[in-house]
A.B. asks: 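One structure, as structure tokens, below. Some questions next.
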2 protein chains.
Amino acid sequence: MADQRALGVRIEDVARAVGVSRATATRALRGQGRIAPATRERVRRAAEELGYVPNLMATELAAGGTGVIGLMLRDAANPVYGQLFSCLEVAAVRAGVELITVTIGSDPRGERQVQALRRLLGMRVAGLLVATGGVDSTQLEPFAAEVPMVRVGRPEASARVFAESYDEEWHGHQLAERVRALGHRRVVVLGAAPETSYGEHLRAEALAGALAGLDVRRVATGPDPTDGVGAALAEVDAGATAVLCASDVRQLAVLRALATRGASASTTGWDGLMPGVDLLGLTTVRMPVEEAAEAAVARLAGLLADEPLSVPTHRSWRGELVPGRTLTEPEPR
Amino acid sequence: MADQRALGVRIEDVARAVGVSRATATRALRGQGRIAPATRERVRRAAEELGYVPNLMATELAAGGTGVIGLMLRDAANPVYGQLFSCLEVAAVRAGVELITVTIGSDPRGERQVQALRRLLGMRVAGLLVATGGVDSTQLEPFAAEVPMVRVGRPEASARVFAESYDEEWHGHQLAERVRALGHRRVVVLGAAPETSYGEHLRAEALAGALAGLDVRRVATGPDPTDGVGAALAEVDAGATAVLCASDVRQLAVLRALATRGASASTTGWDGLMPGVDLLGLTTVRMPVEEAAEAAVARLAGLLADEPLSVPTHRSWRGELVPGRTLTEPEPR
DNA sequence: GTGAAAGCGCTAACAC
DNA sequence: GTGTTAGCGCTTTCAC
């Protein structure tokens with residue numbers, strides 16, 4: 001197998017070992033162009049023996065660009081992104097495209113995002129998948145001009161950036177209907193400011209909109225899951241019977257606080273991706289991550305293959321309501 | 001900002017726009033070598049205006065290798081790996097090194113892993129972080145000869161591969177002591193075969209070892225979390241009072257099955273990283289992911305900086321027992 | 001302080 | 001079928 005200085009082995013060394021030219025060795029290794037089967041075998045064997053590892057930089061430079069597509073991902077510690085990441089990977093394998101990932105942790109101003117994008121572009125990726133909410137259309141636009149770009153998991157304003165997102169409007173309706181049907185009259189919606197988390201902001205808006213007619217108290221959260229929980233509980237003390245959260249992580253924080261204070265109220269969340277949702281009895285909406293991921297990769301693959309685009313620029317996918325024990329009829333007071 | 005064909009802009013274009021040579025433009029942009037401050041400014045401005053994005057392939061080819069370190073990660077859908085991923089990212093940022101990630105989903109024979117390693121090596125990464133259990137020492141060895149390699153989260157047999165792992169032996173002891181102290185006499189240990197999940201195999205071994213003296217029933221699980229759950233419940237029916245799992249995901253599966261069947265037994269898990277551990281009342285061990293990640297990156301950074309190695313080749317970190325409601329005294333029968 | 005030229009490792013016409 | 005040649009875009013001595 002690979003011997004000591006295998007990384008120093010160039011294709012030239014392989015060629016020489018077999019007694020052919022570099023071009024022939026290339027053909028043998030890439031399996032393209034006319035070449036004698038026997039030669040090909042000899043070259044392959046030699047490459048194997050020498051532990052030849054092609055230098056991708058050189059390969060891609062010479063070949064002019066790479067077929068790889070870049071993925072910009074947000075913090076994977078969040079189960080939501082971890083799941084999305086995984087689905088994107090699966091989809092990529094299925095579509096036969098290579099994925100190269102760059103992640104950014106929290107990044108309030110979107111600077112690291114832009115930097116990460118440049119890094120990806122520097123690698124001359126063939127396409128870009130943007131799976132992070134923190135960067136907005138205006139920051140994306142200039143790059144979209146260079147390479148096809150698909151945003152996943154968040155809607156997009158620009159017509160030049162494609163998007164496969166979630167139908168949060170509809171999700172909000174599902175949740176709202178349930179809350180309303182159970183008889184809640186005064187509820188608190190825990191949402192984020194657009195800068196904090198665009199996704200949660202959107203969800204809270206959708207939810208509040210769908211709850212029109214009820215007494216809806218809005219509470220803004222910060223980046224930390226526990227932000228705003230205190231304010232929400234105060235609303236509960238003041239008579240609200242349900243705390244509606246824009247993510248399951250927030251919902252957990254609320255449940256924790258409720259338990260600690262010995263208080264009780266209905267709660268709902270959003271995402272439905274945590275391993276124990278069922279056991280915890282969370283009421284939430286399961287995001288259609290698989291579909292969105294699959295669609296995003298398929299679209300990008302189509303774009304790269306120069307297929308005429310047959311689907312709308314922006315699409316959104318519907319998940320499903322997960323009824324749980326956390327949402328019940330309001331308790332009589 | 002970047003205009004239309006910015007990806008077509010080469011350093012040569014920037015140089016020409018300013019009326020200098022390529023060499024000067026390079027110096028200006030990289031900020032190395034002697035150059036007139038005024039020229040540097042003009043070049044920088046021109047690059048900005050033209051939206052020049054340096055071609056990393058060319059850069060790294062010419063410069064001979066990259067400072068980037070490669071990370072091979074297992075499926076991020078698993079909260080455990082997602083968390084580890086995130087911690088590694090954070091550590092990398094702090095250490096000032098760039099990370100490039102390749103993930104592999106499930107991969108029974110370790111083939112995709114090896115392929116992923118080759119891909120990373122093809123990019124001539126300066127170092128390698130291996131955060132997946134599925135590939136064993138003999139597969140790693142040949143690559144370790146080429147570039148410094150640190151395995152994280154799993155112990156390593158080879159002396160040529162560094163490792164920052166978890167002290168599962170100790171973790172097993174903690175758990176076992178608790179189980180024993182509560183008075184369980186007959187328990188079932190749900191573990192995996194080494195090929196299925198080396199990590200879980202190790203944990204089950206540690207646990208079983210620490211439980212010496214009790215009546216320990218071993219049940220093997222498969223790749224799916226529900227594999228082996230039926231067998232475990234059968235043991236419970238036959239008199240076992242606790243089901244000890246090698247991961248929290250398994251523990252959830254057991255809890256689910258227990259609830260469905262209306263049966264009851266104590267359970268324990270391993271990992272402690274799921275968002276709702278506390279609310280679920282899981283008994284588990286919280287892995288020291290942060291420490292291991294930090295240590296792995298720091299070690300690699302040190303290796304790359306040619307610092308003399310001051311710590312043992314293989315280290316392991318201790319997490320902490322998380323007592324939960326799922327582990328209680330055995331119920332009288 | 002700046003430019004000319006060599007070359008990183010590989011691929012892809014185009015000859016033979 | 002196989003070898004020759006000309007780059008891919010950038011960095012880096014080495015002169016000037």
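Convention: sequence-line order gives letters A, B, ...; per-chain numbering from 1. These numbers come from the heavy atoms of this one structure, side chains and all, not from hydrogens, waters or symmetry mates.
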A.B. asks: Whole angstroms only, please: what is the CE-C1' distance between B:Met57 and C:dT11?
C.D. replies: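 One finds 15 Å between C1' of C:dT11 and CE of B:Met57, rounded.
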A.B. asks: Does C:dG3 have OP1 or OP2 sitting under 4.0 Å from an N or O in the side chain of B:Ser21?
C.D. replies: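 For C:dG3, OP1/OP2 do have a side-chain N/O of B:Ser21 under 4.0 Å.
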A.B. asks: Just by distance, no angles: are the side chains of B:Glu156 and B:Ser165 close enough, under 3.5 Å, to form a donor-acceptor pair?
C.D. replies: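 Their side chains do not contain a donor-acceptor pair, so the 3.5 Å distance test is not met.
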A.B. asks: Can you identify which nucleotide, out of C:dT11, C:dT2, D:dT12, has its nearest atom closest to the B:Ala63 side chain?
C.D. replies: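 Taking heavy atoms from C-beta onward, the closest nucleotide is D:dT12.
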A.B. asks: Has A:Thr39 got a side-chain N or O lying under 4.0 Å from the OP1 or OP2 atom of D:dT2?
C.D. replies: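 Indeed, a polar side-chain atom of A:Thr39 lies that close.
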A.B. asks: Looking only at side-chain atoms of B:Thr59, point me to the closest of C:dG1, D:dC10, C:dG9.
C.D. replies: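 For B:Thr59, the side-chain atoms sit closest to D:dC10.
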A.B. asks: Starting from P on D:dG7, measure out to CG on B:Asn55 and report it in whole angstrom.
C.D. replies: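 Result: 18 Å.
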A.B. asks: Kindly point out which of C:dA4, C:dT2, C:dA12 is positioned nearest to the side chain of B:Ala23?
C.D. replies: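 Of C:dA4, C:dT2, C:dA12, C:dA4 is nearest to the side chain of B:Ala23.
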A.B. asks: A:Leu61 has a side chain; which of C:dC10, D:dC8, D:dG3 sits nearest to it?
C.D. replies: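 In terms of side-chain proximity for A:Leu61, the closest of C:dC10, D:dC8, D:dG3 is D:dC8.
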A.B. asks: When you measure from the side-chain N and O atoms of A:Thr26 to the phosphate of C:dT11, is any distance below 4.0 Å, counting only OP1 and OP2?
C.D. replies: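 For A:Thr26, the contact criterion (side-chain N or O under 4.0 Å from OP1 or OP2 of C:dT11) is met.
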A.B. asks: Taking atom C1' of C:dG9 as reference, at what distance in whole Å does atom CZ of B:Arg124 sit?
C.D. replies: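 About 9 Å, once rounded to whole Å.
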A.B. asks: Please evaluate residues B:Leu117 and B:Leu140 with respect to the criterion side chain to side chain contact (heavy atoms under 4.5 Å, CB included), reporting the C-alpha separation (whole Å), side-chain torsions for both, the decisive distance (0.1 Å), and the verdict.
C.D. replies: CA-CA 9 Å; B:Leu117 274 177; B:Leu140 252 31; 3.8 Å; yes
A.B. asks: Both B:Ala62 and B:Arg40 contact DNA chain C. Which one's nearest nucleotide lies toward the 5' end?
C.D. replies: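 Final value for this comparison: B:Arg40.
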A.B. asks: Considering only NZ, NE, NH1 and NH2 on the basic side and carboxylate oxygens on the acidic side, decide whether A:Glu164 and A:Arg299 come within less than 4.0 Å.
C.D. replies: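 A salt bridge is present here (some side-chain N lies under 4.0 Å from a carboxylate O).
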A.B. asks: Return yes if the base of D:dG3 and the side-chain atoms of A:Arg27 contain a donor-acceptor N/O pair under 3.5 Å, otherwise no.
C.D. replies: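 Answer is yes: a donor-acceptor pair is held.
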A.B. asks: Nearest whole angstrom, please: distance from the P of D:dG9 to the CE of A:Met123.
C.D. replies: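 One finds 17 Å between P of D:dG9 and CE of A:Met123, rounded.
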A.B. asks: How many angstroms lie between CD in B:Glu12 and OH in B:Tyr52, if you round to the nearest 0.5 Å?
C.D. replies: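 Rounded to the nearest 0.5 Å, the CD-OH separation comes to 11.0 Å.
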A.B. asks: Can you identify which nucleotide, out of D:dA6, C:dG9, C:dA5, has its nearest atom closest to the A:Arg22 side chain?
C.D. replies: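 Closest nucleotide to the A:Arg22 side chain: D:dA6.
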A.B. asks: Between D:dC10, C:dA12, C:dC10, spot the one nearest the side chain of B:Ile11, thanks.
C.D. replies: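 Nucleotide nearest to B:Ile11's side chain: D:dC10.
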A.B. asks: Measuring from the side chain of B:Ala36 (C-beta onward, heavy atoms only), which nucleotide among C:dA12, C:dG1, D:dT12 has the closest atom?
C.D. replies: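 It is C:dG1.
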